[in-house]
Trainee: 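Quick one: the structure is below, questions incoming.
Chain A is the first sequence line, chain B the second, and so forth, proteins listed ahead of strands; every chain is numbered from 1. Model, not experiment: these values are computed from the prediction.
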Amino acid sequence: MSHAPAVTAIDPEVRDWPASRRVEVDEALSHYPNRRSAVLPLMWIAQREWGWLSPPVLRLVARTAELPEPEVFGIATFYTMFNLRPVGRHHLQVCMTISCSLMGADRLFRHLERKLGIGHGETTPDGRFTLRRVECLAACGRGPCMQVNFDYHENLDEARVDALLETLT
Amino acid sequence: MRGPLLFKDIDTAGLTSIATYRQLGGYETLVATLGKTSPDECIEIVKASGLRGRGGAGFPAGMKWGFVPKDSPKPRYLVCNADESEPGTFKDRELMEKNPHLLIEGCALAAYAINAHVGYIYLRGEFEYIQRILDRALAEARAAGFLGRGIAGSGFDVEIHTHLGAGAYICGEETALLSSLEGYRGQPRLKPPFPAVEGLYACPTVVNNVETLMNVPSILRHGAAWYRQWGTEKSPGTKIFSVSGPVRRPGNYELPLGTPLSELIEKHCGGMRDGLKVKAVIPGGSSVPLLPASLLDTGLDFESMTAAGTMLGSGGVIVIDDQTCIVDALHNITRFYEHESCGKCTPCREGTYWMVEVFERLEAGRGRAADIDLLNDVSDNILGKSFCALGDAAAMPVMGAIKHFRDEFEYHVTHRRCMVNRRREVLAGVAP
Ligand SMILES: Cc1cc2nc3c(=O)[nH]c(=O)nc-3n(C[C@H](O)[C@H](O)[C@H](O)COP(=O)(O)O)c2cc1C
Ligand code: FES
C-alpha cells in the first residue's frame, strides 16, 4: 500500500533562494575555499525551506554551488537524509540496528506500521506521518529509539510511542 | 564524578556556556600554550603521552601530527571526525552535547600544533541539534578571543566551522569524510597518500576523532607522565565505553584502558537484566569480532583485545544475551553493512549482498550445510580485498561468529530454526 505525496507539491517556480535564507546561504559559502564544498549545507538549507529536494530545488543548489546538475542529483541520492519526495510533517525514523534490535526495535516498528497503516517509506494520507527504518542513530544505550524529524526519542516502548504520537499533530 | 578526565565535569550544570567552562579552568591551557610552548613541543608532549586515536584504529595521535610536512607551502587543515556512526557507539554525542568547549579547545590546540588555520568539525547529519550547540559555543569562543585572529593574545589565527553530513556510515571513514566535505559523494580514496600528507583539498590534513581531541587540553596542561597514570604502557589514558544491550545500566563509562570487560559489565553496568546471561560481547562497535562469554576477563585495551582475536575499535560495547540467536544478530549486522556499502568496490558491494542472501536463507529455514563455509568464503573474499576498511568491518564479525558459535549456525541448517531467539519470540511475538 502506498500513498500519494501529501504535503508539498513540486513548485516549478522555485528559481532562487527566498530573501529570508540569503544570510544562511552566504554564510555557508563563506566557510569553504570553493563553492562545491557548500553543496551539503546548501541542500540542508533547501530542505529546511521547502521540506524536500524537488528537481527545481536541486537545480537551484547546482547553480549556487556552480556544479553540473547531474552531479548534484547524484550527491543528493547518495545520502539517506535528503528527501527526494515529500514527507509528512512528522518523519518517524526508527533505528533497526543491532543494539536497538536487541531491545525490541522490530516490535516497535511493527507496532507503528499497524497503528499508522503505513509501511517503510510511506506517508499517511493526511500528510501527518512518514515512517522509515533507519540505521544506528548513536543512541544505542537507550534503545529502541527514533528520531522525529531531528528530535531524539529514546527508551521507547509501545505505550510511550503511543503517547508521543498523540502530541504530534 | 563520572570519570577521571573527560567525564570529570561532564554533568556540571551549564557546562555548555563558556562562563561555566572557564570557571572550571577551561581555555587556560590554550592561553598557557600558545606562543609559550612551540608547536613541535606540543607534538612531542602528545607523542610522549601515548595518546591513541579513539575513532577505531588506535593510531598514535602525536605520530600522526608529526607526519604533516613542515616545508609544505600549502595550507594545512584540522578535521574533527564527529560522524559517530559505528553501531554501538554513542560517546562523542554525549561529550559534544555536554562539553562543546572542551572540543573547541582541543581543536584549537591541535590546529596550533600542526599549524592549521582552518578546522572543520564533521558531524553526522542526525546531529543537527549538536551542530546548534557547537555553533553557539564557537560564537562564544570567537567573542572571547579564543578563535579568530591572534587567538588568546598570541599571533596565531584559527577558525573552526561545523559541517553537517547527511546520512552515510561511510563518511566516518576519513578519506570518504574528506570527499564529502569537499562536496563530492562520500566515497573513500586510495591511501597512500595519507591525509596528513594529502588530505582536504589535497593539502596536509589531520583527521582526529572527537574523543581524541578532547584529551589534548589536559595532556598539554599536565604533561605526558600525568596522563600515563591511567591505562597500560601501550594503551595509556582512559577511554569512554558506550555500553548497550540488555544490561541493567547501559550508558557511557569512562574507565582506564585495560579495565577488564567483566568489570565494566558486572560492576559498572550492574550486570544483566531480566535474569539473562551474557552469551557474547562485541567490544568495539559492530565492526569487530565478538568475544564469547568465556573471554570476559579480557582487558579493554588495544593489545589485549587484539590478542583475544578482536579489537578495541570505538569502544562501543554491545552485550548479547544468552536468549539471542547469534545467526540472527549477525544477520542484522551484515544487513547494516550491505546498506552502508558505498558501492565503489566490488568485493564489498557484492560480497555484503551475497552474505545477506545467505543469512536470509538460514533465517528462513532454507539453509544448506554448505552455507556456513560459503559465508566464511565470501567473508574471506572481502577481507583485505576491499577498497577501504568497511569491507573488513563486514567480514570480520561474521568470521568471528562462525568461529565461536558454529553450533548455532549448524543448528539453523539442521533444525531450520534458531536455537533460541528472545528478540523474535518475546520482543516481536513471532516464531524463531
Ligand atoms: C567504515 C569506517 C567508519 C568509520 N567511522 C568513524 C566514525 O564514525 N568516527 C570516527 O572518529 N572514526 C571513524 N572511522 C575511523 C576513521 O577512518 C579514522 O581512523 C579516525 O577518524 C582517525 O581519528 P583518530 O586517530 O583520532 O581515531 C571509521 C573508519 C571506517 C573504515
Ligand atoms: S543501534 Fe540504534 S541507535 Fe545505535
Side-chain angles (χ1 to χ4, degrees), chain A residues 27-28 30-44 47-48 65 67 71-72 74-82 93 95-111 133-145 147 149-152 154-155, chain B residues 75 84-93 118 120 124-129 159 161 163-169 171 180-187 201 242-246 250-252 282 286 316 318-321 324 328-329 332-333 335-336 339-340 342 422-424 426-429:
Chain A
E27 163 98 26
S30 77
H31 287 176
Y32 312 95
N34 61 39
R35 298 177 80 90
R36 170 190 281 275
S37 278
V39 68
L40 290 192
L42 291 172
M43 285 183 188
W44 278 122
Q47 187 153 301
R48 275 202 292 280
L67 292 176
E71 194 175 352
V72 168
I75 294 167
T77 55
F78 183 81
Y79 297 94
T80 55
M81 293 182 76
F82 292 129
Q93 300 151 95
C95 171
M96 305 301 287
T97 315
I98 182 71
S99 303
C100 286
S101 178
L102 289 170
M103 303 310 289
D106 303 75
R107 176 178 174 148
L108 186 76
F109 191 81
R110 272 158 37 107
H111 175 72
R133 288 192 196 97
V134 297
E135 302 296 346
C136 182
L137 293 169
C140 330
R142 287 183 282 194
C145 69
Q147 262 193 315
N149 302 337
F150 280 117
D151 296 333
Y152 275 90
E154 301 169 331
N155 289 320
Chain B
E84 188 153 79
S85 40
E86 173 74 9
T89 318
F90 47 93
K91 65 192 175 66
D92 299 339
R93 182 177 159 211
V118 180
Y120 294 100
R124 60 179 295 171
E126 292 83 352
F127 284 176
E128 193 235 26
Y129 80 103
E159 197 41 85
H161 304 291
H163 184 98
L164 198 63
Y169 168 67
C171 289
S180 175
L181 187 48
E182 288 179 12
Y184 294 90
R185 302 167 127 219
Q187 289 185 317
Y201 310 119
S242 305
V243 187
S244 62
N252 284 319
I282 302 174
S286 67
I318 306 168
V319 182
I320 298 175
D321 58 272
T324 290
D328 190 34
N332 181 293
I333 290 173
R335 197 192 38 75
F336 171 83
H339 183 260
E340 299 298 335
C342 79
R422 176 184 67 93
R423 188 175 75 81
R424 291 221 262 163
V426 183
L427 295 177

Trainee: Identify which of A/Thr80, A/Val39, A/Val134 forms the greatest number of heavy-atom pairs closer than 4.5 Å to chain B.
Mentor: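 Among the listed options, the one with the most contacts to chain B is A/Thr80.
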Trainee: Looking only at heavy atoms, which two atoms of A/Tyr79 and B/Ala168 are closest? And how far apart?
Mentor: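 A/Tyr79 and B/Ala168 have their closest heavy atoms at CD2-CB, 4.0 Å.
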Trainee: Looking at B/Arg335, I want to see if its CZ is surrounded by more than 12 non-hydrogen atoms of other residues, nucleotides or ligands under 6.0 Å.
Mentor: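 Yes - once you tally the heavy atoms of other residues, nucleotides and ligands closer than 6.0 Å, there are more than 12.
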Trainee: Are the aromatic ring centres of B/Tyr120 and A/Tyr32 under 6.0 angstrom apart?
Mentor: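 Between A/Tyr32 and B/Tyr120, which both carry aromatic rings, the centre distance is below 6.0 Å.
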Trainee: Identify which of B/Ser244, B/Pro250, B/Gly183, B/Ala166 forms the greatest number of heavy-atom pairs closer than 4.5 Å to chain A.
Mentor: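 Going by pairs under 4.5 Å, I would pick B/Ala166.
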Trainee: Counting only heavy atoms closer than 4.5 Å, note whether B/Leu181 contacts chain A via side chain, backbone, both or neither.
Mentor: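 Contact with chain A involves both backbone and side-chain atoms of B/Leu181.
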Trainee: Give the member of B/Ser286, B/Gly251, B/Gly316, B/Pro246 that has the highest number of heavy-atom pairs under 4.5 Å with chain A.
Mentor: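 Of B/Ser286, B/Gly251, B/Gly316, B/Pro246, B/Pro246 has the most heavy-atom pairs under 4.5 Å with chain A.
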Trainee: Less than 4.5 Å to any heavy atom of chain A: does that hold for the side chain of B/Ile333, its backbone, both, or neither?
Mentor: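 Just the side chain, heavy atoms under 4.5 Å.
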Trainee: About how many Å separate CG of B/Asn332 and SG of A/Cys100, when rounded to the nearest 0.5 Å?
Mentor: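 Reported value, rounded in 0.5 Å steps: 9.5 Å.
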Trainee: If you count heavy-atom pairs under 4.5 Å with chain A, which of B/Glu128, B/Glu86, B/Glu159 comes out on top?
Mentor: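 Max contact count across the listed options: B/Glu128.
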Trainee: CD of B/Glu126 to CE of A/Met81: how many Å apart, nearest 0.5 Å?
Mentor: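 Going from the CD atom of B/Glu126 to the CE atom of A/Met81 covers 4.0 Å.
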Trainee: Check whether A/Tyr152 forms a cation-pi arrangement with B/Arg93 (NZ or CZ under 6.0 Å from the six-membered ring centre, at most 45° off the ring normal).
Mentor: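 Yes; both conditions hold, so B/Arg93 lies above the ring face of A/Tyr152.
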Trainee: If you round to the nearest 0.5 Å, how far is OH of B/Tyr184 from CZ of A/Arg36?
Mentor: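 Going from the CZ atom of A/Arg36 to the OH atom of B/Tyr184 covers 4.0 Å.
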Trainee: Heavy atoms only, distances under 4.5 angstrom: which of B/Tyr169, B/Tyr129, B/Tyr201, B/Phe127 has the most pairs with chain A? Name it, please.
Mentor: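 The answer is B/Tyr201.
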Trainee: Output the option from B/Cys342, B/Cys171, B/Ser180 having the highest count of non-hydrogen pairs under 4.5 Å with chain A.
Mentor: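 Max contact count across the listed options: B/Ser180.
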Trainee: Just so I know, are the side chains of A/Leu102 and B/Ile320 near enough to count as touching, which here means a heavy-atom distance under 4.5 Å?
Mentor: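 Answer yes - side chains close enough.
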Trainee: Verify, without hydrogens or angle tests, whether A/Glu135 (side chain) and B/His339 (backbone) share a donor-acceptor contact under 3.5 angstrom.
Mentor: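 No, because the side chain of A/Glu135 does not come within donor-acceptor range (under 3.5 Å) of the backbone of B/His339.
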Trainee: Under 4.5 Å heavy-atom distance to chain A, tell me which part of B/Val319 shows up: side chain, backbone, both or neither.
Mentor: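 It is the backbone, since no side chain atom gets that close.
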Trainee: Looking at chain B, which one of A/Ala28, A/Gly74, A/Ala76, A/Ala65 has the largest number of heavy-atom pairs inside 4.5 Å, strictly under?
Mentor: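 Most heavy-atom pairs within the cutoff with chain B belong to A/Gly74.
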Trainee: At their closest point, which heavy atom of B/Gly88 faces which heavy atom of A/Cys140, and how far apart are they?
Mentor: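 Where B/Gly88 meets A/Cys140 most closely, the heavy atoms are N-SG, 3.3 Å.
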Trainee: For chain A, find which of B/Pro75, B/Ser85, B/Gly165 contributes the most heavy-atom pairs closer than 4.5 angstrom.
Mentor: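 Looking at each of B/Pro75, B/Ser85, B/Gly165 in turn, B/Gly165 comes out on top.
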Trainee: Minimum heavy-atom separation for A/Pro41 and B/His163, please, with both atom names.
Mentor: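 So the two residues come closest at CD-CE1, 3.8 Å.
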Trainee: Between A/Gln47 and chain B, with a heavy-atom cut-off of 4.5 Å, which part of the residue counts as in contact: side chain, backbone, both or neither?
Mentor: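 Neither part, no heavy atoms under 4.5 Å.
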Trainee: Using non-hydrogen atoms and a 4.5 Å limit, figure out which bit of A/Asp151 sits close to chain B: side chain, backbone, both or neither.
Mentor: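 Neither part.
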Trainee: Starting at CG of B/Asp328, measure out to CG of A/Asp106 and round the result to the nearest 0.5 Å.
Mentor: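 If we round to the nearest 0.5 Å, B/Asp328:CG and A/Asp106:CG are 8.0 Å apart.
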Trainee: Quick one: do A/Thr77 and B/Arg185 satisfy side chain to side chain contact (heavy atoms under 4.5 Å, CB included)? Show the steps, please.
Mentor: CA-CA 9 Å; A/Thr77 55; B/Arg185 302 167 127 219; 3.8 Å; yes
Trainee: Please classify the contact between A/Ile75 and chain B as side chain, backbone, both or neither, with a heavy-atom cut-off of under 4.5 Å.
Mentor: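 Interface part for A/Ile75: both.
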Trainee: Which atoms of A/Arg133 come close to chain B, meaning under 4.5 Å heavy atom to heavy atom: side chain ones, backbone ones, both, or neither?
Mentor: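 Neither part; nothing is under 4.5 Å.
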Trainee: Can you tell which part of B/Thr89 gets under 4.5 Å to a heavy atom of chain A, answering side chain, backbone, both or neither?
Mentor: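 For B/Thr89, backbone heavy atoms alone lie under 4.5 Å from chain A.
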